[in-house]
Participant: 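Let me begin by handing over the structure; questions about it come next.
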Amino acid sequence: MKKILLIRFSSIGDIVLTTPVIRCLKNQSGAEVHFLTKKQFLPLLAANPHLSKVFTIEKKITEVLPDLKTERYDAIIDLHKNLRSWHVRLALRRKVYSFDKLNVKKWLLVNIGINRLPSVHIVDRYLDAVKPLGIVNDGKGLEYFIPDDLPPMPPGTNPGLPFIVFAIGAAHQTKRLPIEKSIAICQKIQSPVILLGGANEAAEGKAIAKASGSHVVSLCGELTLHQSAQMIRASQKVIAHDTGMMHIAAAFQKEIIVVWGNTVPAFGMAPYFGSAPRGREVRFEISGLPCRPCSKIGCKQCPKTHFACMQRQNTDAISQAATL
């Protein structure tokens with residue numbers, strides 16, 4: 001194997017979860033490893049020293065197919081398995097290695113409540129895909145590479161003391177705590193708390209900080225992804241939902257207080273620390289709810305309207321776990 005193309009189009013957490021495969025492929029095969037993803041996720045991969053090239057698309061595979069064909073890959077590692085990746089596979093006609101997405105078993109758990117999912121993390125399922133190439137898990141966990149030319153942090157973003165990061169965002173509403181729960185947690189934490197999130201969380205972040213006290217500062221919507229990662233790296237602990245920020249925190253081997261809503265760790269997406277973990281997960285989830293999980297990814301609102309998976313969360317216990 002001289003040249004390998006790895007495909008994963010999205011999203012933040014899923015791409016971070018591919019980093020052990022990238023590293024192991026490079027270090028154990030000696031091949032050039034190329035990556036194909038969506039343009040918006042290029043920053044996640046641009047500084048990865050194990051990658052020789054990163055190809056991106058905005059919408060269609062045809063944007064990049066001519067360039068991919070000139071590379072004459074020896075193999076394709078498909079870690080997405082959707083229509084776009086099938087298009088690439090058909091066009092390049094190279095040996096393909098992939099993994100089982102377990103969609104039928106996930107459907108059974110979500111829709112019927114029957115759990116037939118294996119107790120195997122998705123990182124290990126990704127690595128199983130490349131076992132035929134002689135690749136084995138090196139046990140080093142996830143990686144996140146912050147570029148050296150990172151822009152300066154905005155003024156006032158350095159709390160100057162050991163601090164906690166609270167990543168309040170999530171792509172789906174049923175994955176995130178209601179604002180009153182987040183406020184209750186922040187009010188009970190005595191240490192400095194930095195709220196992280198995107199532009200969509202800016203208003204909520206300001207409201208949480210205002211209601212919680214001067215020890216809570218919201219940087220939601222003010223930082224780039226790499227700057228947010230830098231804050232996570234500098235923090236003592238991280239509070240997060242089942243999101244990309246959780247996986248970035250795992251890449252930095254942090255203690256992560258994970259608040260699980262409508263999704264469940266059984267999907268194989270819990271924090272991954274490798275075989276010699278320095279970080280750990282402190283898990284908060286409401287077990288025994290017959291409606292949970294209601295989706296394998298998340299919903300705009302609770303299908304049952306009660307939102308018990310988050311409304312029943314114990315804010316006292318979460319804040320105590322986050323105490324430094």
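Just so you know, residue 1 is the first one in the sequence shown, and it goes up from there.
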Participant: Work out which heavy atom in Ile12 is nearest to a heavy atom in Gly244; give both atom names and the distance.
Facilitator: CG2-CA, 4.1 Å

Participant: For atom CZ of Arg283, decide whether the heavy atoms of other residues, nucleotides or ligands shown that lie under 6.0 angstrom number more than 12.
Facilitator: yes

Participant: With sequence neighbours excluded, what pairs up with Glu285 under the side chain to side chain donor-acceptor pair (under 3.5 Å) test?
Facilitator: Arg292

Participant: Kindly write out the residues that satisfy side-chain contact (heavy atoms from CB on, under 4.5 Å) with Gln320, not counting sequence neighbours, or none if the list is empty.
Facilitator: none

Participant: For Gln313, enumerate each residue passing the side-chain contact (heavy atoms from CB on, under 4.5 Å) test, keeping only those at least two apart in sequence or located in another chain.
Facilitator: Leu177, Val259, Phe284, Ile286, Met310, Ile318

Participant: Please name all residues satisfying ring pair (Phe, Tyr, Trp, His ring centres under 6.0 Å) with His80, sequence neighbours left out, ordered by chain then number.
Facilitator: Phe9

Participant: Tell me, please, which residues at least two apart from Thr263 pass side chain to side chain donor-acceptor pair (under 3.5 Å).
Facilitator: Asp242

Participant: Taking side chain as C-beta onward, heavy atoms only, is Leu225 less than 4.5 Å from Tyr144?
Facilitator: yes

Participant: Kindly work out whether a path of hydrophobic side-chain contacts (I/L/V/M/F/W/Y, heavy atoms less than 4.5 Å apart) joins Ile185 to Val258.
Facilitator: no

Participant: Check each of Val33, Val96, Leu133, Ile7 against Ile77 using the side chain to side chain contact (heavy atoms under 4.5 Å, CB included) test, and report the only one that passes.
Facilitator: Leu133

Participant: Tyr272: what forms a ring pair (Phe, Tyr, Trp, His ring centres under 6.0 Å) with it, not counting sequence neighbours?
Facilitator: His121

Participant: Name all pairs fulfilling the salt bridge (Lys or Arg N to Asp or Glu O under 4.0 Å) condition that reach into residues 68-82, sequence neighbours left out, sorted by first residue then second.
Facilitator: Lys3-Glu71, Lys53-Glu71, Asp78-Arg89

Participant: How long is the gap from CD on Gln230 to CZ on Phe252, to the nearest 0.5 Å?
Facilitator: 9.0 Å

Participant: Work out which heavy atom in Ala266 is nearest to a heavy atom in Leu117; give both atom names and the distance.
Facilitator: O-CD1, 3.5 Å

Participant: Thinking salt bridges, do Lys188 and Asp316 make one under a 4.0 Å N-O criterion?
Facilitator: yes

Participant: Please determine which of Arg176, Lys210, Lys181 meets the salt bridge (Lys or Arg N to Asp or Glu O under 4.0 Å) test together with Glu204.
Facilitator: Arg176

Participant: Name all residues meeting the ring pair (Phe, Tyr, Trp, His ring centres under 6.0 Å) criterion together with Phe267; count only those two or more places apart in sequence or in a different chain, and write none if there are none.
Facilitator: none

Participant: Heavy atoms only: give me the nearest His241-Ile168 pair and the separation to one decimal.
Facilitator: CE1-O, 3.3 Å

Participant: Please identify each residue that fulfils side chain to side chain donor-acceptor pair (under 3.5 Å) with Glu58, with sequence neighbours left out.
Facilitator: Lys39

Participant: Does the side chain to side chain contact (heavy atoms under 4.5 Å, CB included) test come out yes or no for Leu65 and Lys60, once each step is laid out?
Facilitator: CA-CA 9 Å; Leu65 270 184; Lys60 298 180 179 180; over 6 Å; no

Participant: Identify whether Ile22 and Phe41 are in the same connected component of the hydrophobic contact network (ILVMFWY, side-chain heavy atoms under 4.5 Å).
Facilitator: yes

Participant: Can you name the residues that form a side chain to side chain donor-acceptor pair (under 3.5 Å) with Lys38, not counting sequence neighbours?
Facilitator: none

Participant: Could you tell me the separation between the CG atom of Leu142 and the CZ atom of Arg23, rounded to the nearest 0.5 Å?
Facilitator: 8.0 Å

Participant: Under 4.5 Å between any side-chain heavy atoms of Ser29 and Ile135, yes or no?
Facilitator: yes

Participant: Using a strict 4.0 Å threshold on nitrogen-to-oxygen distance, state whether Lys131 and Asp128 make a salt bridge.
Facilitator: yes

Participant: Suppose clustering is done on Ile, Leu, Val, Met, Phe, Trp and Tyr with side-chain heavy atoms closer than 4.5 Å. Which residues sit in the same group as Leu83?
Facilitator: none

Participant: Are Ile61 and Leu5 joined in one hydrophobic group, where the rule is that I, L, V, M, F, W and Y side chains link up if heavy atoms are under 4.5 Å apart?
Facilitator: yes

Participant: What residues form a side-chain contact (heavy atoms from CB on, under 4.5 Å) with Pro49, not counting sequence neighbours?
Facilitator: Phe145

Participant: How long is the straight-line distance from CD of Gln190 back to CG of Leu324, given to the nearest 0.5 Å?
Facilitator: 11.0 Å

Participant: Distance check, rounded to the nearest 0.5 Å: Gln236 atom CD versus Leu161 atom CG?
Facilitator: 10.5 Å

Participant: Looking at every heavy atom in both Glu143 and Val16, which two are closest together, and how far apart are they?
Facilitator: O-CG1, 4.1 Å

